[in-house]
Amino acid sequence: MTNMYDVIIPAAGMGKRMQANKNKVLLELSGKTILEHTLQAFQDDNNCRAIHLAAQSEELEMFRTFALQYHKLDVITEGGSERQYSIYNVLKAIKPCEYVFVHDAARPFVTRETLQKLYAAVQLRKSAIAAVKVKDTIKRVHGTEVKGTLNRDELWQIQTPQAFEYHTLLAAYEKAERDQFLGTDDASLVERIEKVSIVESDYDNIKLTTPEDMYFAEAILKKRGII
Ligand SMILES: Nc1ccn([C@@H]2O[C@H](COP(=O)(O)OP(=O)(O)OP(=O)(O)O)[C@@H](O)[C@H]2O)c(=O)n1
Ligand SMILES: C[C@](O)(CO)[C@H](O)COP(=O)(O)O
């Protein structure tokens, strides 16, 4: 079937800032790992054709066992030393397809609504990324000196999923490799070759990064009636 998307889920991080002494995506939330919550979101989305994972070498076998439960799980490839390298490894390992979403394993609360909005947007605008409006006042600071206040109307906090045409994403990653460009998200690579648009997401789509994020995660699960 055409016009569906594949998703690449980088899950090969160390979770250093979480201080859990293991890959944070294997921490449990209401009886399931964070990674499983994330896999479930894409397993449940009818527009998602296949799920591909980047894993640490020592976790490759364990991640393969998830395929028993999550049937869309397809390619599982070894990650790299940076998020960008992990995603590039997967991108090179999968078969060409029409659209690719990239989504952090560490963002387990992505909603069906955001996935649907992104899928509609990528078909129309070729590249679309999830984002929320910045709530705080943001200043530019050198050392301790305030250099200016940024116009909040122009500032968005960028999340994943990020959705692209497969060939565009591959070209952006190849160019980044040639230029030795390292970005903090996928869009920063694509922005170097074409326009990227945002889709408004929600504030629950947090990345579980530091220990206090686990409290926010519990609150979100309570709000959703899961615990
Ligand atoms: N070399 C890496 C680094 C990160 N990731 C993945 O990219 C996502 C977002 O990265 P981040 O939150 O920074 O995770 P970690 O790198 O694990 O965390 P830390 O930086 O605290 O070590 C996570 O799902 C993580 O598993 C990855 O696949 N490969
Ligand atoms: C793409 C991303 O989710 C943007 O928020 C990314 O994973 C950020 O990683 P960071 O290392 O926490 O900036």
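When a ligand or atom number is given, it counts from 1 through the structure's own listing order. All values reported here derive from a predicted model rather than from experimental measurement. Each residue takes its place number in the sequence, starting with 1.
Ligand-side atoms of ligand 2 in range of Arg17: 10 (P), 11 (O), 12 (O), range being under 4.0 angstrom from any heavy atom. The contact set between ligand 1 and Ala11, taken as ligand atoms under 4.0 Å from a residue heavy atom, comprises 26 (O), 28 (O). Close contacts of ligand 1 with Glu82, meaning ligand atoms under 4.0 Å from a residue heavy atom, involve 1 (N), 2 (C). Close contacts of ligand 1 with Lys207, meaning ligand atoms under 4.0 Å from a residue heavy atom, involve 9 (C), 11 (P), 12 (O), 13 (O). For ligand 1, the atoms closer than 4.0 angstrom to any heavy atom of Ser81 are 1 (N).
Scanning the protein heavy atoms around atom 26 (O) of ligand 1, the nearest turns out to be Gly13 N, 3.0 Å. Of the protein's heavy atoms, Arg83 CG, 3.6 Å lies nearest to atom 7 (O) of ligand 1. Of all protein heavy atoms, the one closest to atom 28 (O) of ligand 1 is Ala12 N, 2.8 Å. Of all protein heavy atoms, the one lying nearest to atom 7 (O) of ligand 2 is Asp104 OD2, 3.0 Å. Here the heavy atom of the protein found nearest to atom 13 (O) of ligand 2 is Thr184 CB, 4.5 Å. The nearest heavy-atom contact from the protein to atom 17 (O) of ligand 1 is Gly15 N, 2.7 Å. Here the protein heavy atom with the shortest distance to atom 20 (O) of ligand 1 is Arg17 NH2, 3.0 Å. Ranking the protein heavy atoms by distance from atom 8 (C) of ligand 1 puts Asp104 OD1, 3.5 Å first. Looking only at heavy atoms of the protein, atom 23 (C) of ligand 1 is closest to Pro10 O, 3.7 Å. Scanning all protein heavy atoms for the shortest distance to atom 22 (O) of ligand 1 gives Lys16 N, 2.7 Å.
A cation-pi arrangement is not found for Lys72 relative to Tyr70, the charged atom failing to lie both closer than 6.0 Å to the ring centre and inside a 45° cone about the ring normal. In this structure, Lys223 forms no cation-pi arrangement with Phe109, as its terminal cationic atom is not both closer than 6.0 Å to the ring centre and no more than 45° off the ring axis.
Distances from atom 3 (O) of ligand 2 to the protein include at least one heavy-atom value under 4.0 Å.
For ligand 1, the polar-atom distance check finds no N/O of Thr209 at less than 3.5 Å from any of the ligand's N/O atoms. Remark: ligand 2 and Arg83 share an N or O pair separated by less than 3.5 Å (distance only, no angle test). The shortest N or O to N or O distance between Thr160 and ligand 2 is not under 3.5 Å. The shortest N/O to N/O separation between Met18 and ligand 1 does not fall below 3.5 Å. Taking any N or O of Leu208, backbone or side chain, none lies under 3.5 Å from an N or O belonging to ligand 1. The shortest N or O to N or O distance between Ala106 and ligand 1 is under 3.5 Å. Close N/O approach between Lys24 and ligand 1 is found [any backbone or side-chain N/O within under 3.5 Å]. Considering backbone and side-chain N/O atoms, Ala54 never comes within less than 3.5 Å of an N/O atom of ligand 1. Among the atoms of Lys207, some N or O lies under 3.5 angstrom from an N or O of ligand 2.
Proximity of Gly79 to ligand 1 is not established, as no heavy-atom distance is less than 4.0 Å. Residue contacts with ligand 2 include Ile158, since one or more of its heavy atoms lies under 4.0 Å from the ligand.
Considering Arg107, Gln159, Gln157, Gln162 only, the shortest heavy-atom separation from atom 5 (O) of ligand 2 involves Arg107.
Of the listed residues (Lys207, Lys24, Arg83), just one forms a salt bridge (Lys or Arg N to Asp or Glu O under 4.0 Å) with Asp104, and that residue is Arg83.
Contact check for Ile94 versus Tyr166: side-chain heavy atoms found under the 4.5 Å cut-off. In this structure, Leu169 and Val190 have side chains that are in contact, with non-hydrogen atoms separated by less than 4.5 Å. Under the 4.5 Å side-chain criterion, counting only non-hydrogen atoms from C-beta, Phe63 is not in contact with Gln56. Counting only heavy atoms from C-beta outward, the side chains of Glu98 and Val122 never approach each other to under 4.5 Å.
Residue pairs meeting the side chain to side chain donor-acceptor pair (under 3.5 Å) criterion with at least one member in residues 28-44, sequence neighbours excluded, are Thr33-Glu36, Gln40-Asp44.
Of the possible polar contacts, none joining the Asn23 side chain to the Ala12 backbone as a donor-acceptor pair under 3.5 Å is found. A donor-acceptor pair is defined here as one N or O able to donate and one able to accept, closer than 3.5 Å; such a pair exists between the side chain of Arg152 and the backbone of Lys135. Gln159 places no side-chain N or O within donor-acceptor distance of the main-chain N or O of Ala130, the cut-off being under 3.5 Å.
Taking both residues in full, the closest heavy atoms of Ala41 and Leu115 are given as O-CD1, 3.8 Å, listed atom of the first, atom of the second, then distance.
Using cut-offs of 30° and 60° for the angle between ring planes, the Phe42 and Phe101 rings count as perpendicular.
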>> Working note: Arg125 + Val199, criterion side-chain contact (heavy atoms from CB on, under 4.5 Å); need CA distance, chi angles, decisive distance, verdict.
In response: CA-CA 11 Å; Arg125 304 203 290 265; Val199 157; 3.9 Å; yes
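At a cut-off of 3.5 Å, with distance as the only test, no side-chain donor of Asn89 or Ser86 sits close to an acceptor on the other residue.
Applying the 6.0 Å contact sphere to CE of Met14 captures no more than 12 heavy atoms from other residues, nucleotides or ligands. Asn151 CG: more than 12 foreign heavy atoms inside a 6.0 Å radius.
At a heavy-atom cutoff of 4.0 Å, ligand 1 is contacted by the side chain of Ser86 but not by its backbone.
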